[in-house]
Amino acid sequence: MRDELLPYQRSQGMRILSTNLYQDENGDEFFVWTREFDNEQQRQAAYADTYNDWWVNEIRPQVAQLIELDSIKVRQLKPLWL
């Protein structure tokens, strides 16, 4: 899926900075997907273009077989400059 999703999301205006899989001290695995947008307007437009009917009907069911959808946590982070 990675080979399909990354190019698709990039084509919809998302800048993907990194995708990483981590394991914590309990052995639980976490996938971290970092994306960057110029501003909130660009983020909203990219989300609207990306998460369309095709995504909901075709891709989301495949994703649901790979991960627990209830475990997804989306965070909007702002860099802190010291």
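Fair warning: this is a prediction, and the values are worked out from it, not measured in the lab. Side chains are part of it too, since the values below use all heavy atoms of this structure and drop only hydrogens, waters and symmetry mates.
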Show your working on side chain to side chain contact (heavy atoms under 4.5 Å, CB included) between Ile16 and Glu36 and close with a plain yes or no. CA-CA 6 Å; Ile16 299 164; Glu36 181 178 65; over 6 Å; no

Test: side-chain hydrogen bond (donor to acceptor under 3.5 Å, both in side chains). Region: residues 67-79. Which pairs qualify, not counting sequence neighbours? none

Mind checking salt bridge (charged side-chain N to carboxylate O under 4.0 Å, His left out) for Asp38 and listing every partner two or more places apart, or none if nothing turns up? Arg15

Sequence neighbours left out, cut at 3.5 Å: what donor-acceptor pairs do the side chains of residues 24-32 make with other protein atoms?
{"unit_1": "Asp24", "atom_1": "OD1", "unit_2": "Asn26", "atom_2": "N", "d": "2.9"}
{"unit_1": "Asp24", "atom_1": "OD1", "unit_2": "Gly27", "atom_2": "N", "d": "3.1"}
{"unit_1": "Asp24", "atom_1": "OD1", "unit_2": "Asp28", "atom_2": "N", "d": "2.9"}

Which heavy atom in Gln42 sits nearest to a heavy atom in Gly13, and how many Å separate them? NE2-O, 2.8 Å

Could I get the full list of ring pair (Phe, Tyr, Trp, His ring centres under 6.0 Å) partners for Tyr51, not counting sequence neighbours? Tyr47, Trp55

Please enumerate all residues that pass side chain to side chain contact (heavy atoms under 4.5 Å, CB included) together with Ile67, with sequence neighbours excluded. Val63, Leu69, Ile72

By side chain to side chain donor-acceptor pair (under 3.5 Å), which residues pair with [X], not counting sequence neighbours?
X     : answer
Asn52 : Tyr8
Arg10 : none
Gln44 : Glu40

Take Met14 and Thr50 through the test side chain to side chain contact (heavy atoms under 4.5 Å, CB included) and record every step on the way to the result. CA-CA 9 Å; Met14 294 189 179; Thr50 301; 3.5 Å; yes

Do Leu17 and Trp81 land in one hydrophobic cluster if side-chain heavy atoms of ILVMFWY residues count as linked below 4.5 Å? no

Single-linkage hydrophobic cluster Leu66~Val56, side-chain heavy atoms < 4.5 angstrom: no

Quick test of your reading: applying salt bridge (Lys or Arg N to Asp or Glu O under 4.0 Å), list the pairs with at least one residue in residues 54-63, sequence neighbours left out, ordered by first then second residue. none

Gln23 atom CD, neighbour heavy-atom count above 12 within 6.0 Å: yes

Rounded to the nearest 0.5 Å, how far apart are CH2 of Trp33 and CG of Leu6? 4.5 Å

Drop me the distance from Asp49's CG to Gln9's CD, to the nearest 0.5 angstrom. 11.5 Å

